[in-house]
Undergrad: 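Just dropping this structure here.
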Amino acid sequence: MPDTNISKRQYKLLHSLQVKKYRKQHQAFLVEGEKSVVETLQSSYRVVELYCTTDFAQNYAPIIEASATKVLVATANELKKGSHFQTNNSCLAIVQLPEPTPIAPLAQNEYALVLDGIQDPGNLGTIVRIADWYGIGSILCSPDTVDVYNPKVIASCMGSFLRVNTHYTDLEAYFQALTTPKVYGAFLDGANLHEWSFPKEAGYIVLGNESKGIRASMAAHIHQKITIPRFGQAESLNVAMATAVICDHVKKDTT
């Protein structure tokens with residue numbers, strides 16, 4: 001039988017995992033919400049502890065038995081007390097952080113995203129979800145980009161973090177050592193995407209910080225500036241929205 005009642009120690013752990021340094025210390029992160037938790041249970045990620053309602057435990061008993069190492073049945077109110085989100089009333093999971101993996105070379109016709117200083121968790125989560133939608137398997141992030149295992153990022157991903165490899169690295173050093181493939185960057189003064197096409201070859205697409213854009217040190221490694229043409233008076237596009245438009249052009253041009 002599953003354990004019952006969430007202890008003070010467990011609440012403390014659940015709350016601590018909302019902070020990056022404690023995620024690193026415990027080598028774990030939180031996944032919340034029915035869809036994302038079920039997908040995580042079915043993935044290669046290791047679920048260390050699962051907190052859920054009786055209904056959730058009964059509905060997903062075969063998946064839980066095969067995947068979770070420890071199950072704790074709780075009431076909806078108890079789950080809300082341990083959750084980052086007040087709307088979470090069915091389940092949350094403590095998941096072991098995966099071991100970092102090397103950045104794999106791009107395949108012949110593969111594109112990857114590069115994020116230079118993205119700060120908003122909602123933006124990163126949405127970008128990961130967009131990458132998953134368009135079949136982009138890798139995202140390279142600067143060290144100061146928000147942590148992909150931030151609870152808000154995980155919630156915005158809607159499970160897409162399970163299918164998109166996100167790497168954190170010194171971007172300038174990485175691209176300085178890379179001779180191919182080409183690197184493209186989103187700027188306001190780049191080539192018009194309505195008049196220019198992505199080549200049918202591997203490439204990296206760089207998107208910059210929400211307010212400052214791409215750093216000059218990173219811009220030095222970009223072979224081609226690109227831009228989404230503006231027809232109205234808005235000063236700029238949200239970076240996640242821009243990512244979606246650019247990814248759509250990539251797929252249109254290369255498939």
Side-chain angles (χ1 to χ4, degrees), residues 33 36 84-85 87 110-161 163-164 166-168 171-172 175 181-255:
S36 294
H84 185 76
F85 304 99
T87 54
E110 182 183 5
Y111 277 78
L113 300 178
V114 180
L115 306 182
D116 186 20
I118 300 300
Q119 296 296 298
D120 184 83
N123 281 338
L124 178 56
T126 303
I127 289 170
V128 173
R129 195 173 174 187
I130 289 165
D132 187 22
W133 178 267
Y134 284 101
I136 293 174
S138 296
I139 300 177
L140 278 61
C141 300
S142 61
D144 61 343
T145 289
V146 63
D147 180 20
V148 71
Y149 297 110
N150 178 301
K152 291 182 179 178
V153 177
I154 295 297
S156 299
C157 284
M158 294 294 288
S160 289
F161 73 93
R163 294 174 290 275
V164 178
T166 305
H167 305 274
Y168 287 79
L171 296 180
E172 289 83 0
F175 285 102
K182 287 190 175 180
V183 183
Y184 306 90
F187 292 85
L188 292 176
D189 60 346
N192 185 332
L193 284 183
H194 289 188
E195 302 169 353
W196 180 88
S197 296
F198 285 96
K200 293 184 178 181
E201 58 187 38
Y204 292 94
I205 301 167
V206 185
L207 297 117
N209 174 269
E210 290 88 343
S211 59
K212 300 175 183 177
I214 298 170
R215 277 174 273 227
S217 55
M218 184 61 217
H221 300 287
I222 290 171
H223 302 100
Q224 174 68 60
K225 293 182 178 182
I226 56 174
T227 194
I228 300 166
R230 177 174 58 182
F231 299 96
Q233 299 301 312
E235 182 180 351
S236 62
L237 273 181
N238 170 275
V239 66
M241 294 174 63
T243 301
V245 174
I246 292 170
C247 288
D248 196 69
H249 276 272
V250 169
K251 290 301 177 184
K252 177 178 66 69
D253 295 341
T254 61
T255 56

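What you see below is based on every heavy atom in this structure, not just the backbone, and it leaves out hydrogens, waters and symmetry mates.
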Undergrad: Can you find a heavy atom in the side chain of F161 that is under 4.5 Å from one in the side chain of T166?
TA: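 No, side chains not in contact.
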
Undergrad: Does R215 offer a backbone N or O that forms a donor-acceptor pair with the side chain of D116 under 3.5 Å?
TA: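 Pair found, side chain donor or acceptor close to backbone of R215.
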
Undergrad: Considering all heavy atoms of both residues, which atom of T254 and which atom of P199 are nearest to each other, and what is their separation?
TA: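 Here T254 and P199 meet closest at CG2-O, 3.4 Å.
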
Undergrad: Please round to the nearest 0.5 Å and tell me the distance separating atom CE of M218 and atom CZ of F175.
TA: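 M218 atom CE to F175 atom CZ measures 4.5 Å (nearest 0.5 Å).
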
Undergrad: Between the side chain of E210 and the main-chain N/O of Q119, is any donor-acceptor distance below 3.5 Å?
TA: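 Such a contact is found between E210 side chain and Q119 backbone.
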
Undergrad: What distance do I139 atom CD1 and I205 atom CD1 have between them, rounded to the nearest 0.5 Å?
TA: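 Taking CD1 in I139 and CD1 in I205, the distance rounds to 11.0 Å.
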
Undergrad: Is it the case that more than 12 heavy atoms not belonging to K251 sit under 6.0 Å from its NZ atom?
TA: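 Enclosed: over 12 neighbouring heavy atoms sit under 6.0 Å from NZ of K251.
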
Undergrad: Can any side-chain N or O of Y168 pair as donor or acceptor with the backbone N or O of V148 at less than 3.5 Å?
TA: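 Yes, Y168 side chain to V148 backbone: donor-acceptor pair under 3.5 Å.
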
Undergrad: How close do D253 and W196 get, counting heavy atoms only, and between which atoms?
TA: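 Here D253 and W196 meet closest at OD2-O, 4.1 Å.
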
Undergrad: Assert yes or no for the condition that the ring centre distance of Y134 to Y111 is strictly below 6.0 Å.
TA: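 No; Y111 has its ring centre 6.0 Å or more from that of Y134.
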
Undergrad: How close do I214 and V206 get, counting heavy atoms only, and between which atoms?
TA: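 The answer is CD1-O, 3.6 Å.
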
Undergrad: Name the one of T227, I226, I222 that satisfies side-chain contact (heavy atoms from CB on, under 4.5 Å) with F187?
TA: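 Option passing the side-chain contact (heavy atoms from CB on, under 4.5 Å) with F187: I222.
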
Undergrad: For residues A186 and L207, report the shortest heavy-atom separation together with the two atoms involved.
TA: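 Reported closest heavy-atom pair: CB-CD2, 4.3 Å.
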
Undergrad: For V183, is there any backbone N or O sitting under 3.5 Å from a side-chain donor or acceptor partner on H223?
TA: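 Indeed, once roles are kept as given, a pair shorter than 3.5 Å links the two residues.
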
Undergrad: Let me confirm one number: the SG-CD1 distance from C141 to I118, rounded to the nearest 0.5 Å.
TA: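 C141 atom SG to I118 atom CD1 measures 8.5 Å (nearest 0.5 Å).
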
Undergrad: Quick one: does N209's side chain have a donor or acceptor within less than 3.5 Å of a partner on G117's backbone?
TA: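 At least one qualifying donor-acceptor pair exists.
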
Undergrad: Can you find a heavy atom in the side chain of I228 that is under 4.5 Å from one in the side chain of I246?
TA: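 Result yes, sub-4.5 Å side-chain heavy-atom pair found.
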
Undergrad: Just verifying a value: how many Å separate R230 CZ and N192 CG, rounded to the nearest 0.5 Å?
TA: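 The CG atom of N192 is 12.5 Å from CZ of R230, to the nearest 0.5 Å.
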
Undergrad: Is a donor on one side and an acceptor on the other found under 3.5 Å between the side chain of K225 and the backbone of D189?
TA: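 Pair absent, no side-chain N/O of K225 close to backbone of D189.
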
Undergrad: Check H84 against K152 and note the closest heavy-atom contact, atom names and distance.
TA: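 Where H84 meets K152 most closely, the heavy atoms are NE2-CE, 3.5 Å.
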
Undergrad: If I compare all heavy atoms of S156 with all of P121, which pair ends up nearest, and what's the gap?
TA: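 Heavy atoms only, the tightest pair is OG-O, 4.3 Å.
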
Undergrad: Can a donor-acceptor pair be found, under 3.5 Å and without considering hydrogens, that links the side chain of T145 to the backbone of L115?
TA: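 Side chain of T145 to backbone of L115: a pair is present.
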
Undergrad: Before giving the answer on side-chain contact (heavy atoms from CB on, under 4.5 Å), spell out for L113 and C247 the whole-Å C-alpha distance, their side-chain angles and the decisive distance to 0.1 Å.
TA: CA-CA 9 Å; L113 300 178; C247 288; 4.1 Å; yes

Undergrad: Using 0.5 Å steps for rounding, measure from the CG atom of D120 to the CD1 atom of I127.
TA: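 The CG atom of D120 sits 9.0 Å away from the CD1 atom of I127.
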
